[in-house]
Each structure stands twice: as structure tokens, then as C-alpha cells.
Amino acid sequence: MKVRVKLFGTLRQGFSGYQHPQGMEVEIPDRATVQDLLALLGISESQRPVVIVEGRILKADDRMRSGVPVNVMQVIGGG
Amino acid sequence: MKFIRVNMSKGTIRTGDVPQDYLGLGGRGLTSILINTEVPPKCDPLGPDNKLIFAPGLLSGTPLGNTSRVSVGAKSPLTGTIKESNTGGTISAALGRLGIAAVVVEGQAPEGELSFLRIDDKGNASLVPAQEYKGMRTYKLMKEILEAYGERNSVLCIGPAGEFGLTTASIQSSDADGLPCRAAGRGGLGAVMAAKGLKALIVDQRGTGGRRVADPAAFREANKAYIKIVREHPEPGHLMPTLGTAALVAPVNSMGAFPCFNARKGVMDGWEKISGETMAEMIKERGGNPTHRGCAQCFIHCSNVFVDTEGKYVTSSLEYETIWATGGMTGIADLDTIARIDYLCNDIGIDTMSTGVAIAVAMDAGYKEFGDREAAIEMVEEIGKGTEFGKILGSGPAAVGRHFNHDRVPVVKGQGVAGFDPRAMLGNGVTFATSPMGADQTAGNVVSPCLGGFLDPLQAEGAVEVSRNLQIFMAACDSTGLCFMATMALQEPEPQAVFRKAMNAILGTELGPDDWPRAMGIRVLKAEREFNRRAGFTNEDDRLPRFYYEEPLPPHNTVFVISDEELDSTFDF
């Protein structure tokens, strides 16, 4: 399935052709989880990624859904 | 370490050793414990019995990086509670280098008298008549002070808002460029400073005689490890220098917890126009600086210099809370307007957060349309001019609500909330409701555990416990001079142990994990709570405004569901 991914924080730095605000379309297996998506994108745990879909923070083993926009961001503590 | 007491009624200054009761304390720990010991809890905050304390963090001015926060404390004229508001810049390190643990300003100058308090490079303090600076705005004031006393000085000062006695007036702090863009913004401490008759505190940066590192070899080792931890952490090491605190705009909107249009919605249409990512790009394209060092001894560089389309300076240190309050709450998705309001607030000497919320309440009451940029700027100008309506705005959101007889006023203990809606981030509702300071964004912000998956932002479970632990942690951090950004790398026991090693090596102490952060944080919170209780505050004051319990916030359409009993258990320690 395909999902449209938007990147935030410093995560865009790893994707030279990335265009915002369109984001990028990513092809993932039908039963892919959050973890699978991050692995496919090459985003490591050390970057403290957070995947937010429709206002909900997903867990690592939550399954991705087709056609729903995905925001990949980073943990931040405030200021 | 020295203790300076200034009596504004008599115009006298006493410099002595740190009193026994305050040994080992710094920053918020010192201001709060001193206030609880020495200030009559029911006193008039703008009268002679209140005391205004400037206390550098315990580690400020030492070689340990990112410890340049100075705490300003007093009884607040806005909340009526104890108040500590801390700010960055360069003055904390300057005071620390001089070996000054605190400057305590007491009494009240005779009506109409205005002074500077000057501390030279030998640590000698003197009061200097400053009549001619009456009413002066802070950018001009700081420029003139630095011209008169030399660039190697640090300044804390007030603008006209403080002199009008407005209860959301700030104290502005000089940044590394000598500009008044950093603020001890919360709680109206600028009005306390004005009531004392003090226009500015000016401290020479070239002082010596401060705290000597007790164990240099142990410090070198611990410091190296501390720098590595902070530099390699994705937030202070990478995210902060790239986007600053404005990086929060995206995740908080994505979570549906960004209070906008006076907290009627949790996601702002067009929030990407005011995101940290957009701002950094805009600043870069225009020739400003998105990675700016604002404070002494900082190796994070979370600040920025915002410029207009012609590359001309507009403001610096434009941060998340200001973007949220003056942009989100007012419905203004335009960074140029937000930056202009930020500059004006700093120049007038008024808290950007309270001002944004005050404008939003006025708009919500029908005074102007949400999103009206000119109206928002005009309202801030009115504060600076001291018009009748400007004085209402500068007295905070609750005063605006009373003026318009409007009951949707997002305040706790009279202080405007911060940019995280309690209905979509319940843990921050706990912090806003129970913090001894009134609603506050740094007292124990749960956004990080929410994003990290440790706390469900929409569930009550765990919210009180996480808020409690963070409130303890922050009270301990605020006592050391540590900046918020560095604390983000010190959340876990292991990095905390490294920081503690550095602290012990500097102070010659043997503090363990039970001592710092836990015991120190609890001691500070207990003193603050005790002061508030003696001032007449009860558990009933630890509540959110009614509408948070009754009015669902889109898009999650949730309300604040944590019971009063649960809130009252926050300080069960």
C-alpha cells in the first residue's frame, strides 16, 4: 500500500529530494507497522521519531493504514 | 559566596556572607525558600514588604555549560502566589563569576524615585539615580546603558509596562548580543521591580572571585561526559539548534493539543505557516540567523534572529510559547505579525504569553475578529502607551475577561495557560492546575513523555504521577541554573548521574540520586506550597477554569477529566 509521509524536525535532512508541504509517497507492505515504516525510511530510534496519524500518536507495533496522511516527527520537551 | 541586600526605602546596600539558612541553595531554590522565610505571605506584592530576589543558579558562572539561568522571585502581583520566573542571557553567569549568590531588593523607594543598581567588576554594588530613564522602552534603555557602562555588562531591566504597575509586566534580560530579547516574563515581576523603584540591574561580566571548582580533575572528566550527552541527544544536540522551541508547533498541532482561537480548537488551520520548520527556512532565506547563541556559556544555540524581507532585524529568540500565544490563540497564522508583536512586548516589557492570551480573550469576547493582525498589534501598542484599555490588557487575561464580562478565560491562579491544551494533554492540565506558580509551561511539561509514548495524552491514567515527577525534577533543575534544553538530555538516571558528578566536583559535595533531583525539588515545592497556603490558597485554587471540564476541544472532542481528588494527590510526597 501507499502512504503519504510528511517529515518534521531535523528528519528532512536525510532526504535530499524531499518536498514540503507535499511530503512523499512511500510504498509499504500491506501489513506494515510503524516500526516497518521507520525502518524503510532509514529513521533510527536514536532520532527519537514519533509517528502521528489523525491526531493520534502511534506505537511501534501499530499497523499503518492505506491512504491516511502520516506525520513523522521527533520527541521534543518544550520550551 | 556573597549576599547583597539593597534597601530601597533607605537607599542602603549591605554585602555579606550567605546566611546559614540559604547555604547550598541557588536559583529557584534560593528565591522560593527566602520568600517563604522572609516575605509576609499576605503582603501587598507592590508594597514595601515584598522582596524581589535575583539569584543565579547554583552552577551559574562555573565552567559547566548551559547553566546560565537566573531566577527572579517575589510574591506575584498577578497570581498572589509565590513566583519564580527564570531567564537566560548573560547576567546569571556574570553574577556567578562575581561570587554573588543573591541580590535581595527590599523596601520601596520614595514615590517617583528611580534607580539603577550597578555591580562593578569587583562586586561593589551602588544605587545610581536613573530619573532620566523613566518610561524608556527596553531596546533604547539597554543600548544607552551599554554605551554608558561598557559592552561587557549584563542587564535586567523593565520597560513602561512595569512602571505602569501592570501585573503581567516582565523583566527583560540582555542576551549575548546585548539586546533585551529574553525575559523573566511570568507573574508580573516587572511591576514588582518598578514598585521598588528599580529600572535596571547592571552587572559587570568581568568579575572574578566566584565559585572555584572543588575537584578540577573530577570536573574535567564529568564535564566531558556531560557535553557529549547533551551534544549527542537529538533534542538539544540537533533539533534545538535547527528549529529552536518553535519545533513544537508541528507535533502539538498534529496531536490536536494546540489551543487556538482562545482555546476553541486544538488544531490551527494553516499551522504550517507558523511552524518551526517554516520559520527556520524563512529566516535563512532572508539572511537572519536560525541558530543563534542567546546565553552565556551555551553550546546548544536554540535562539534565532528573525529579520524582515529586507533582512532587517525584527526580534530575536522568537519561541514556541510566543508563537502559540500571539499567533495561535489570536488566530494569526503569520510569522511577521508574531515577530512584530514579540519585539513590541519585549520593548514595552510585558509577558508575550499573557499578552497573547489577553488579546485572544478580547477577540473571543467580540472586541475584534480573530486573525485581525492590525488589531492585535494596536492592542499591544495600547499597553505600551498606557491607555485605559492597554492597562486592562496588561493586567492579564482575567482582567480582560472581567472587563468584557466574558467567562472563557484560560488562566489558573490568574495566570494565562501555556500552549498545550489540558483537554488533549491531560498531564499538562495537572501541571497548570497544581503548580504553585499558576499555569506555567516549564513547571512540569508532559509533552515529551506524551510524544515518547510513556503517557497517553488523552487518558487520565499516569497523568498525575508524571506531572508530579516532572514538577520535582524541574524545581531541582531551576535551582542549578540549567536551561530547559539541557534538562531534556538529563531525564534518565544515567545522564542525571553524570550531571550530578559534575555538580559534586564543582561544589565539593557528595549529592546522590536521592538528594538531587528528588530531595532538592521536593524541598523547593514544599516551601512554595507553604507560602501559598499561608497567603490563603487552598486546594480549591488548584483547579482549571470550568470550560475545560465542560466544553469539548476539537478534533478529539475531549474534556479535562481528572478529578479534584486526583489533582489534590499531586503533591503527596
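Below, chains carry the letters A, B, ... as their sequence lines are ordered, and counting in each starts from 1.
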Greater than 12 external heavy atoms within 6.0 Å of Arg4(A)'s CZ
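Counting other residues, nucleotides and ligands, CZ of Arg4(A) exceeds 12 neighbours.
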
Verify the neighbour count for atom CZ of Phe15(A): are there more than 12 heavy atoms of other residues, nucleotides or ligands below 6.0 Å?
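Enclosed.
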
Counting heavy-atom pairs closer than 4.5 Å to chain A, which one of Gly419(B), Ser254(B), Ala257(B) comes out on top?
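Of the options given, most contacts go to Ser254(B).
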
Below 4.5 Å from any heavy atom of chain A, which atoms of Pro449(B) appear? Answer side chain, backbone, both or neither.
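Contact with chain A is absent: no heavy atom of Pro449(B) under 4.5 Å.
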
Got a salt bridge between Glu277(B) and Lys6(A), using NZ or NE/NH1/NH2 to carboxylate O under 4.0 Å?
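Looking at Glu277(B) and Lys6(A), the cut-off is not met.
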
Check [X] against [Y] and note the closest heavy-atom contact, atom names and distance.
X         : Y         : result
Gly77(A)  : Phe484(B) : O-CE2, 3.6 Å
Met73(A)  : Pro251(B) : SD-CA, 3.4 Å
Pro234(B) : Ser46(A)  : CG-O, 3.2 Å

Using only non-hydrogen atoms and a strict under-4.5 angstrom cutoff, which residues of residues 51-63 of chain A touch chain B?
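So the qualifying residues are Ile52(A), Glu54(A), Gly55(A), Arg56(A), Ile57(A).
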
How would you list, in number order, the residues of residues 18-34 of chain A that have a heavy atom less than 4.5 Å from chain B?
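So far as heavy atoms go, His20(A) are the residues that approach chain B to under 4.5 Å.
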
Residue pair His233(B), Arg48(A): steps toward the side chain to side chain contact (heavy atoms under 4.5 Å, CB included) verdict
CA-CA 9 Å; His233(B) 191 280; Arg48(A) 300 182 86 205; 3.2 Å; yes

When rounded to the nearest 0.5 angstrom, what is the spacing between CE in Met255(B) and CG in Asn71(A)?
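It is 12.5 Å, given to the nearest 0.5 Å.
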
Chain A contacts: which residues in residues 423-431 of chain B have a non-hydrogen atom closer than 4.5 Å to it?
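Within residues 423-431 of chain B, no residue comes under 4.5 Å of chain A, counting heavy atoms only.
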
Please identify each residue that fulfils side chain to side chain donor-acceptor pair (under 3.5 Å) with Thr291(B), with sequence neighbours left out.
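Residues passing side chain to side chain donor-acceptor pair (under 3.5 Å) with Thr291(B): none at all.
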
pair Thr242(B)-Gln13(A): side-chain heavy atoms closer than 4.5 Å
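A side-chain contact exists here, since the closest heavy-atom pair is under 4.5 Å.
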
Between Val447(B) and Ile76(A), is any pair of side-chain heavy atoms under 4.5 Å apart?
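A side-chain contact under 4.5 Å is absent here.
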
Hey, does the side chain of Gln74(A) reach the backbone of Leu239(B) with a donor-acceptor pair shorter than 3.5 angstrom?
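Looks like no, no N/O pair under 3.5 Å.
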
With a 4.5 angstrom heavy-atom cut-off, is it the side chain or the backbone of Gln47(A) that approaches chain B, or both, or neither?
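Just its backbone gets close to chain B.
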
